[in-house]
Amino acid sequence: MTFDYDLFVIGGGSGGVRAARIAASEYGAKVALAEESRMGGTCVIRGCVPKKLMIFASQAGAMAAEARGYGWTTANAGPFDWAMFRQKLDAELTRLEGAYTGGLVAADVEIHKSRARLADAHTVELADGQRFTSKHILIATGGHPQRPGIEGEELGLVSDDLFLMEKVPGRALIIGGGFIACEFATILQGIGAETVLSYRGDAVLRGFDGGMREKATEQLRLIGVDLRLNSSPVRLERQDEATLVEFADGKQESFDAVFFATGRVPNTGGLGLEEIGVGLGERREILVDEWSQTAVPSIFAVGDVTDRVNLTPVAIREGHSFADTIFGAKPRKVDHRLVGAAVYLRPHEVASIGLTEEEAAAKGPHEVWEASFRPMRSLFAGSEIRVIMKFLVDASTRKVTGCHIFGPDAGEMIQLIAIPMGMGATKADFDAAIAVHPTLAEELVTMRKPSRYIGGAHPDKTVGAA
Ligand code: NDP
């Protein structure tokens, strides 16, 4: 049987674009890609990229205060010009969108600016009714923000809306306590909004190492976010230009903008998946095997739509591995076990890889090596904020099984730590490196004694066990 294409990709985000480009340019496959919105997907257009630029914007204001600590007498950052920033941001996103499209065009990928759905195991149908056949189909449609299901929730905004605001809200409420809630609170507070963060739990960033959660919670308050823990909004109501929010304790407050950062769900609706036998999980995610293959052998899926590890670089790796496996005769699976991540808070980021202290304790005897210090740069400028660096070391194998950093540029550090950890480095391997002085990261190779022992009796009987 002949097909119109070797590969038809639905979704022009990080995972889909990578798979299409590699299949076409490296392996000569005939490839088409359908995207109904802007090329680049969530990460480029309404996620990581604009978010990080807004973190930089919010940081730039705080740097003016730091400059005063270094003797600059006139440094003053405010007020923040949102209109000017927004114009520059739009231009940058347009440039990136062009680069993504250009990469596909250069690889001879045919682009269909349209929504697409599956008609059968080898046929894709576009919104205008055109149909194309393909030997393989890759679904990379990502996810979208979910609202919590409370009365009046349509009055609230979601993460996509942050980048499209007409002006910085005077008073903003963010609901949630995950990556997006914490980053958005940091941004909005930093660019001048009086920011309230309402989270139902007792420390933000559930799933992260307990010590990191505590530090992130403290820091949000330190930068001026009004953080309300064990707090739940139950109802939203329009009030002239503002939104009135009622909380579970019965209190009511008015906000200029309310953002839900209450998680994301896979984009699997209207794709015709179940009709042709592609299996969906409890969260409506596409079920795939270790090769990203669905229950229908010609159909594969990568990225957030599969709800495995919902991070851009993971989607890119899954897309690339799919193309290598299917078109390059280089079978490659993605190992999802050791993936680093960073939450871009300010002034200190939270970055993590491997086991948390809680997970390590549950696995067996571990040593916790921890450094806590005031970094020279902010200390000189008058800040007491401490950096925390933590290693979890398996007491039997001496391997580093987890690393967590709360500090400036923690994301940059954890990226490099991912390399030795992936190679199975022991604590002694880290200690063998000579420090680069004076840096923050030198503390990662100069810790001399464990801070505590967890997870049961240490195999070395001379060491006290917890
Ligand atoms: P998360 O899953 O990280 O957090 C969702 C938050 O919303 C949690 O605090 C959760 O509370 C809370 N929540 C969920 N449902 C409700 C509800 N019904 N009522 C009240 N609160 C609720 O999702 P995000 O939206 O923050 O981010 C989505 C994904 O995007 C992340 O998982 C991450 O993979 C990715 N991302 C990565 C970033 C990065 O790498 N820096 C940045 C931004 C996003 P609880 O903890 O109690 O369940």
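Just so we're clear, the structure is a prediction, and the values are computed from it rather than from any experiment. Whatever order the structure lists ligands and atoms in, that order sets their numbers, starting from 1.
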Inset, instruction - Report yes if the side chains of V258 and L155 come closer than 4.5 Å at any heavy-atom pair, otherwise no. - result: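 No, every pair of side-chain atoms sits at 4.5 Å or beyond.
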Legend entry - Check: F163 and M54 side chains under 4.5 Å, non-hydrogen atoms: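 Contact flag for M54/F163 side chains = yes.
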Heavy-atom contacts with [X] under 4.0 Å: which atoms of ligand 1 show up? List them by number with element.
{"X": "E183", "answer": "41 (N), 42 (C), 43 (C)"}
{"X": "K51", "answer": "41 (N), 42 (C)"}
{"X": "G177", "answer": "6 (C), 8 (C), 9 (O)"}
{"X": "N310", "answer": "33 (C), 34 (O), 35 (C)"}
{"X": "P148", "answer": "17 (C), 18 (N), 19 (N)"}
{"X": "A342", "answer": "39 (C), 40 (O), 41 (N)"}
{"X": "R206", "answer": "45 (P), 46 (O), 47 (O), 48 (O)"}

Would you say [Y] and [X] are linked by a side-chain donor-acceptor pair, where the criterion is simply a distance under 3.5 Å?
{"X": "R308", "Y": "S292", "answer": "yes"}
{"X": "R386", "Y": "S372", "answer": "yes"}
{"X": "S321", "Y": "D324", "answer": "no"}
{"X": "H366", "Y": "T401", "answer": "yes"}

Looking only at protein heavy atoms, which one is nearest to [atom], and what is the separation?
{"atom": "atom 23 (O) of ligand 1", "answer": "G263 CA, 3.5 Å"}
{"atom": "atom 26 (O) of ligand 1", "answer": "I180 N, 2.9 Å"}
{"atom": "atom 29 (C) of ligand 1", "answer": "R264 CD, 4.1 Å"}
{"atom": "atom 7 (O) of ligand 1", "answer": "T262 CA, 3.2 Å"}
{"atom": "atom 37 (C) of ligand 1", "answer": "F179 CD2, 3.4 Å"}
{"atom": "atom 6 (C) of ligand 1", "answer": "A261 O, 3.5 Å"}
{"atom": "atom 47 (O) of ligand 1", "answer": "R200 NE, 2.9 Å"}

Inset, instruction - Specify side chain, backbone, both or neither for L311, according to which of its non-hydrogen atoms lie closer than 4.0 Å to ligand 1. - result: side chain
Inset, instruction - Would you check if the side chain of Q146 reaches a backbone N or O of G263 as a donor-acceptor pair within less than 3.5 Å? - result: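 The answer is no, because no donor-acceptor pair under 3.5 Å joins these two groups.
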Legend entry - Whether T217 side chain and R213 backbone form a donor-acceptor pair below 3.5 Å: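 Side chain of T217 to backbone of R213, a donor-acceptor pair under 3.5 Å: yes, one is there.
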Legend entry - Lys/Arg N to Asp/Glu carboxylate O, E246 vs K251, below 4.0 Å: no
Legend entry - V400 to M421 - nearest heavy-atom pair and separation: O-CE, 3.8 Å
Legend entry - ligand 1 contacted by G201 (non-hydrogen, < 4.0 Å): no
Inset, instruction - Apply the side chain to side chain contact (heavy atoms under 4.5 Å, CB included) test between R38 and each candidate in V44, T94, T101; give the one that qualifies. - result: T94
Legend entry - Of the listed options G178, S159, C43, closest to atom 1 (P) of ligand 1 (non-hydrogen atoms):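 When every heavy atom of G178, S159, C43 is considered, G178 comes closest to atom 1 (P) of ligand 1.
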